[in-house]
Amino acid sequence: MPGESALPPTDARRSDAGARGEQLTLEGLPTVRRRRRTRAEGVVLATELPVARVCIDLPPPHLDHPFEYAVPAALADQALPGVRVKVRFGRQDVDAYVLERVTEAEHDGELVPLRRVVDGLPVVTPQVARLARATADRWAGTLADVLRLAVPPRHARVEGEVPSSDERAPEPVPAPAASAWADHRGGPAFLTHVTAGGAPRAVWTALPGEPGRGWPDAIAQAVVAARLGARGALVVLPDARDVDRVLAALAAAGVPRWTPGTSGGAVRLTADEGPAARYRAFLAALRGHASVVVGTRASAFAPVADLGLVVCWDDGDPLHAEPRAPYPHTREVLALRSELERCAFLVGGFARTVEAQALVEHGWAHEVAADRRQVRARTARVRALTTTELAREGPAAAARLPTPAWRAIRERLADGPVLVQVPRAGYVPAVACGRCRAAARCGTCHGPLGLAKADGTPTCGWCGRLAADWRCTECGGATLRSVRIGSQRTAEELGRAFPGITVRVSGRATGGVLAEVPDRPAVVVATVGAEPVTPAGYAAAVLLDAAVATAGSSLGVLPDALRRWLGAAALVRPASDGGVVLLVGDAEERATQALVRWDPVGLASRELAERGTLGLPPAVRLAAVQGSREAVLAVVERVTVPDLEVLGPVPVPGTGDLTPDVRTVLRVPRAGGTVLARALAASLAVRSARREGGTLTVQLDPQDLR
DNA sequence: AACCCATCTGCG
DNA sequence: GCAGATGGGTTC
C-alpha cells in the first residue's frame with residue numbers, strides 16, 4: 001500500500017493491532033502493541049442484527065453520539081432497542097441504552113461485545129428515544145441528560161411484581177361529553193378532530209366553571225375524545241394537586257384511575273409518592289396497561305402507547321420549566337412530541353402566555369376561547385383599588401388593606417369564603433421609571449436594567465452598558481427608581497383584621513398547602529399558587545400588593561402577574577352570583593386593565609408585538625451562557641452562526657465571592673434557533689473533549705432572565 | 001477515568 | 001539522541 005505512513009492515525013492503529021501486529025515484532029523488543037483486552041473474539045455473536053448502537057450514560061457532551069457494540073448470541077433476544085445494558089467503555093463499565101440493532105457497524109474498528117443486559121425491559125420506546133434526541137438538540141444538551149429526566153430510576157422490586165394480565169377488568173368505554181367545551185369557540189371541533197384520529201393543535205383560554213364544567217373536566221373530556229378514538233393521552237400539570245384534580249375529573253368522565261391488574265385507566269405519574277410508586281406508574285404506561293398518563297413535568301416524556309393527545313395545563317407556571325440540564329420546558333417538549341408522534345396538542349390556562357400566543361400568531365395552533373358574552377357571564381366583577389381610585393380615603397389609601405377592601409371582605413363573608421391572595425416572600429432588586437413605574441430597559445439592546453454597581457448606577461443586565469442618559473419609552477420620564485419586591489409580612493397577620501371569623505392559611509412557608517376549603521364563611525389567606533378550591537366558589541377574592549406583582553424587570557412580568565391574579569379570580573363565583581374580585585395596589589396599568597376586562601389574550605398579544613419590536617423572545621431565540629469568565633469566553637468564541645448578537649459578558653451579582661460568574665447572552669432571529677443550539681452543543685463538545693477548566697451552564701430560552 | 005499519541009523539554 | 005513531561009484527543 002503506497003504512502004503507508006500518511007494514513008490517518010486510526011487506520012494505522014487498527015492495522016497495527018490487527019494481523020500485522022505480529023509481523024512487526026522484532027527480536028529483543030516487546031510486542032509492538034498489546035492486544036486490546038475486550039475483543040469480541042471467543043464470543044459467539046448474534047446472527048441476526050449483531051450490532052447494537054447504544055447511548056452511553058455519561059455526562060460529557062463530546063460523548064453524545066451512538067457507540068456500537070457487538071451483540072453476543074446469548075443476549076440477542078434481550079438486548080433490544082430501549083433496553084438498559086452495561087458496556088465496557090474505555091477502562092470503565094458504564095450504563096447505556098440500546099438505541100437500535102443493526103446488521104452492519106458504521107464504526108470501522110473492532111467492536112467490543114455488550115457486557116450484560118440490566119433488566120430486559122425496553123424502558124425507552126422508539127418514540128421517546130426520538131423525542132429525547134429532539135429535546136437534547138433543541139436545548140443544546142445531551143441525550144444522556146434527557147434520558148435521565150425521562151426514565152425514572154429503576155426499582156427492581158416493583159419490576160418483579162407480576163402484572164396479573166389475565167385478571168384485568170374490561171376496558172372502560174367512556175361516554176362522549178363536551179359540556180365543559182360548549183362555551184369555548186373551537187372547543188367542540190377540536191374534540192371531534194381528536195376522536196377522529198387527527199392531530200389538531202389548540203391554545204386554549206379556559207373559563208372559570210363550577211365542578212362538572214371546570215378546566216379539569218374540560219381536560220378530562222379531551223382525554224375521553226382521544227380514548228373514543230382508541231388512542232392514549234398524556235396530561236402534564238404544574239403540581240400534584242392539579243394532577244389529582246384531573247384524575248378526579250377523569251374518573252367522573254368514565255376513565256377510572258389505573259390500579260395494578262386493571263387496564264385502560266389513567267395513571268398518576270409524579271415524584272411525590274416515592275420511587276416505587278413512580279416506577280410502578282411508569283411501567284403501567286410502558287406496558288400499555290394504562291392508556292392515560294397524568295403527571296408533573298417529567299411525564300412529558302412518559303411512554304404512552306398510541307399517543308393521540310398531549311395536554312399542558314397552565315404553561316405559564318414556573319414549575320413547567322425543568323430545573324435540570326438541559327432545562328427543557330413542558331410546553332415546548334409536548335409541542336415537539338405532537339409533531340413527532342402526529343398527535344393532538346392542547347395548551348391552556350386561565351391566562352395566555354406570550355409563548356402560547358406566538359403559537360397562535362405564527363399559525364402553528366388554533367385558538368380556543370370563549371366570546372365576550374360568555375366571559376362576562378362566567379367571571380366575577382373585577383375592581384382595581386388603586387391609590388387614584390382611593391384618593392378620597394386620604395393617607396389610608398396606601399394601606400396594605402385599604403378600608404374599602406376591608407369593607408368588601410366583611411360584606412361578602414356573609415355569602416361564603418373570601419380568598420385573600422398575597423405574594424410570596426422574597427426580594428428582587430429592580431429598576432423602574434420614576435414617573436410611570438414601567439420596568440426600565442436598556443436603550444441599546446432592550447435588556448433589563450438593574451442596580452449591579454455599588455454606586456447605584458443602573459446598568460443593563462445583558463450587555464452591561466451604563467444607563468447614563470436613559471429615557472422611559474412609555475412616558476418619556478428621565479428619572480429612575482429602584483423597586484423592592486416582595487412581602488415579608490405573614491398571612492396570619494392579615495387574619496387579625498377579622499376577629500371572630502375563621503381564618504385559614506394556605507402556603508408552602510406557612511404550614512402547608514390546602515387543596516380545598518368548605519363552603520362556609522371564612523377568610524382564606526393563600527400565597528400565589530397555593531389557593532385552595534371551594535365547592536361553590538369564593539364569594540370574593542382580594543389580591544393584595546398588586547404593585548409587587550408587576551414590579552421588577554424580568555421578562556414577562558405583566559403576563560405573569562395577570563396569570564397569578566386570574567388563578568385566584570377564576571375561583572370566585574360569577575358576577576351574577578355576587579362574585580367580586582378586588583385588585584389592591586398600584587400595579588402596572590396594562591396588566592391591571594387586562595384583569596379588569598378579563599382579557600389575557602389582549603395582554604399576551606400586545607406583549608408579543610412589543611417583544612417583536614424590541615428583539616426579545618419569543619420573537620428571537622436567546623441563549624444564556626454563564627460561568628467562569630474563561631469558560632464563557634472560550635465557548636462563546638466558537639459559536640459562529642448567521643445574525644448572531646453577542647451581549648456581554650457581564651458579571652453576575654451574587655455569584656462567587658472573589659471572581660464572580662459572568663454571563664453572555666446570545667441572540668439570533670427565531671428561525672436561527674436550531675442552528676444556534678447545534679453550534680452551542682458543538683462548542684460544548686469541544687470544551688469537554690479539551691477539558692477546558694472552569695464552570696459553565698448554558699440555557700436556551702431562559703425563563704428568568706433579568 | 002484511563003489510555004494513546006504527538007510534541008516539547010531538559011540533559012548528555 | 002533520548003527519557004520523561006505535557007497537551008490534545010479518544011473511548012465503539
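Chain naming here is simple, since letters A, B, ... match the order of the sequence lines and numbering starts at 1 in each.
Rounded to whole angstrom, the span from the CD atom of A:Glu106 across to the P atom of C:dC12 amounts to 16 Å. Rounded to an integer number of Å, the gap from CG of A:Leu111 to C1' of C:dC12 is 6 Å. Counting to the nearest Å, the C1' atom of C:dT11 and the CD atom of A:Glu68 are 14 Å from each other. Counting to the nearest Å, the P atom of C:dT10 and the CZ atom of A:Arg690 are 11 Å from each other. If you measure from atom CG of A:Leu58 to atom C1' of C:dC12, you get 13 Å, rounded to the nearest angstrom. Between A:Tyr97 atom OH and C:dC12 atom C1' the separation is 19 Å, expressed in whole Å. Between A:Arg88 atom CZ and B:dA1 atom C1' the separation is 11 Å, expressed in whole Å. A:Leu45 places its CG atom 15 Å from the P atom of C:dC12, with the value rounded to the nearest Å.
In this structure, A:Leu63 reaches the bases: a heavy-atom distance under 4.0 Å links it to at least one base atom across the strands shown. Using a 4.0 Å heavy-atom distance criterion, A:Phe89 is classed as a base contact.
Between A:Arg691 and C:dG9, a side-chain N or O to OP1/OP2 separation shorter than 4.0 Å is absent. For the OP1/OP2 pair of B:dC3 and a distance below 4.0 Å, the side-chain nitrogens and oxygens of A:Arg91 include at least one atom meeting the criterion.
One donor-acceptor pair, N or O on each side, does fall under 3.5 Å between the base of C:dT11 and the side chain of A:His62.
Of all heavy-atom pairs spanning A:Leu49 and A:Thr103, the tightest one is CD2-OG1, 3.6 Å.
Using cut-offs of 30° and 60° for the angle between ring planes, the A:Phe89 and A:Phe67 rings count as perpendicular.
With hydrogens and angles left out, the side-chain atoms of A:Glu322 and A:Trp139 include no donor and acceptor closer than 3.5 Å. In this structure, a donor-acceptor pair under 3.5 Å is absent between the side chains of A:Ser299 and A:Arg297.
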